[in-house]
S.K.: 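Mind looking over this structure? Questions follow.
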Amino acid sequence: MTVEYPVEFTFSYEIPGRGYLFSLTWDGECLFLRELAPGQEQQKEISPELDEWDEFWHRMDEIGLWVWYNEYMVSCDEACLEGDEWEINLVHGDMKVESHGANSYPTTFHQFLKATEELTGIIIEFIQQD
């Protein structure tokens, strides 16, 4: 089996009330990471090994990423103290997902974050910790 790099890979996660932003973008050769938090900024290129990509795609199949809804939204008028926003656009072979949300997530969102952390070696600050 040939392991494929992504055709497209963009993921962003933001907590506007905390000034936090995490984003990954595939440029055809590596993932470009940009992470902003109060008082700090990190930018770097990440080049996962082929076996790491293989494991990532396997995890995406397991969690059903390819059948996520286009939109997950919850209005956060008075019920939420702070909100968050996220967006994913992935194309791998003939599989594609475009999904985004605010204050709401697919049931396997945590597994996506964990697989992304394992792929990149970067911990993502997530507002809804277990």
Side-chain angles (χ1 to χ4, degrees):
M1 177 174 108
T2 303
V3 178
E4 298 176 16
Y5 292 107
V7 174
E8 181 179 342
F9 187 126
T10 58
F11 169 56
S12 64
Y13 178 76
E14 183 175 6
I15 309 170
R18 292 188 190 171
Y20 179 77
L21 169 70
F22 178 94
S23 72
L24 287 171
T25 305
W26 177 253
D27 70 1
E29 296 181 11
C30 65
L31 288 168
F32 181 74
L33 165 75
R34 182 168 185 227
E35 186 175 31
L36 302 172
Q40 61 184 356
E41 178 175 352
Q42 175 177 213
Q43 295 185 35
K44 68 193 252 182
E45 292 180 350
I46 301 170
S47 299
E49 299 291 328
L50 288 177
D51 62 328
E52 294 171 314
W53 278 114
D54 186 44
E55 178 62 24
F56 181 79
W57 298 129
H58 179 71
R59 293 287 298 131
M60 295 307 97
D61 293 342
E62 285 182 344
I63 68 172
L65 176 87
W66 312 112
V67 295
W68 282 6
Y69 298 131
N70 290 338
E71 183 175 85
Y72 295 82
M73 302 294 247
V74 169
S75 176
C76 207
D77 296 331
E78 295 178 22
C80 303
L81 297 175
E82 0 180 16
D84 60 355
E85 302 167 7
W86 59 272
E87 181 175 355
I88 296 170
N89 295 304
L90 284 177
V91 179
H92 172 245
D94 61 355
M95 305 299 284
K96 178 179 182 177
V97 66
E98 291 182 10
S99 187
H100 68 276
N103 307 311
S104 183
Y105 327 91
T107 57
T108 56
F109 192 73
H110 281 102
Q111 290 95 326
F112 171 79
L113 292 179
K114 182 163 178 47
T116 301
E117 289 174 344
E118 290 171 359
L119 180 70
T120 63
I122 305 294
I123 302 299
I124 303 167
E125 179 182 328
F126 185 53
I127 198 170
Q128 302 291 332
Q129 295 297 327
D130 293 331

S.K.: With the side chain counted from C-beta on, respond yes when D84 and Y105 share a heavy-atom pair under 4.5 Å apart, and no when they do not.
M.R.: yes

S.K.: Not counting sequence neighbours, list each pair that qualifies as a salt bridge (charged side-chain N to carboxylate O under 4.0 Å, His left out) and has a residue in residues 85-97.
M.R.: K96-E98

S.K.: For T116, which residues count as a side chain to side chain donor-acceptor pair (under 3.5 Å) partner, sequence neighbours excluded?
M.R.: none

S.K.: May I ask you to test the H92-W53 pair for a side-chain heavy-atom distance under 4.5 Å?
M.R.: no

S.K.: Sequence neighbours excluded, which residues qualify as side chain to side chain donor-acceptor pair (under 3.5 Å) partners of E117?
M.R.: none

S.K.: Looking at S99, is its backbone amide N or carbonyl O close enough to the side chain of N70 to form a donor-acceptor pair, meaning the two atoms are under 3.5 Å apart?
M.R.: no

S.K.: With sequence neighbours excluded, what pairs up with E41 under the side-chain contact (heavy atoms from CB on, under 4.5 Å) test?
M.R.: R34, L36, Q43

S.K.: I'd like to know whether M95 forms a side-chain contact (heavy atoms from CB on, under 4.5 Å) with M60, so could you lay out the CA-CA distance, the side-chain angles of the two residues, the decisive distance to 0.1 Å, and finally the verdict.
M.R.: CA-CA 10 Å; M95 305 299 284; M60 295 307 97; over 6 Å; no

S.K.: Using a 4.5 Å cut-off between side-chain heavy atoms of Ile, Leu, Val, Met, Phe, Trp and Tyr, which other residues end up in the same hydrophobic cluster as V67?
M.R.: none

S.K.: Run the ring-ring contact (aromatic ring centres under 6.0 Å, His included) test against Y20 and tell me which residues pass, sequence neighbours left out.
M.R.: none

S.K.: Within the structure provided, determine whether F11 and T120 are in side-chain contact (heavy-atom separation under 4.5 Å).
M.R.: no

S.K.: Taking the six-membered ring for Trp, are the ring centroids of F126 and H110 within less than 6.0 Å of each other?
M.R.: yes

S.K.: If we ignore hydrogens and angles and just use 3.5 Å, is the side chain of E52 paired with the main-chain N or O of E49 as donor and acceptor?
M.R.: yes

S.K.: Nearest 0.5 angstrom please: N89 CG to H100 NE2, how far?
M.R.: 10.0 Å

S.K.: Taking side chain to side chain donor-acceptor pair (under 3.5 Å) as the test, write out the residues that go with E14, two or more places apart.
M.R.: none

S.K.: To the nearest 0.5 Å, what is the distance between OG1 on T107 and CH2 on W68?
M.R.: 8.5 Å

S.K.: Roughly how far, to the nearest 0.5 Å, is the CZ atom of F56 from the CG atom of D51?
M.R.: 14.0 Å

S.K.: Rounded to the nearest 0.5 Å, what separation is found between the CD atom of Q42 and the CD1 atom of I122?
M.R.: 4.5 Å

S.K.: Quick check against the 3.5 Å criterion: does W57 have a side-chain atom that pairs as donor or acceptor with the backbone of E4?
M.R.: yes

S.K.: Using the ring of each side chain (for Trp, its six-membered ring), is Y72 parallel, tilted or perpendicular to W86, with breaks at 30° and 60°?
M.R.: tilted

S.K.: Should side-chain heavy atoms under 4.5 Å link Ile, Leu, Val, Met, Phe, Trp and Tyr, which residues sit in the same cluster as I123?
M.R.: none

S.K.: Excluding sequence neighbours, so at least two apart, what forms side chain to side chain donor-acceptor pair (under 3.5 Å) with E8?
M.R.: none

S.K.: What about V91 and F112, same hydrophobic cluster or not, with Ile/Leu/Val/Met/Phe/Trp/Tyr joined at side-chain heavy-atom distances under 4.5 Å?
M.R.: no

S.K.: Please list, one pair per line, the donor and acceptor atoms closer than 3.5 Å that link side chains of residues 21-32 to other protein atoms, with sequence neighbours excluded.
M.R.:
{"residue": "W26", "atom": "NE1", "partner": "P6", "partner atom": "O", "Å": "3.1"}
{"residue": "D27", "atom": "OD1", "partner": "E29", "partner atom": "N", "Å": "2.8"}
{"residue": "D27", "atom": "OD1", "partner": "C30", "partner atom": "N", "Å": "2.8"}

S.K.: Does Q111 reach the side chain of E62, with side-chain heavy atoms less than 4.5 Å apart?
M.R.: no

S.K.: Not counting sequence neighbours, which residues clear salt bridge (Lys or Arg N to Asp or Glu O under 4.0 Å) with E118? List them please.
M.R.: K114

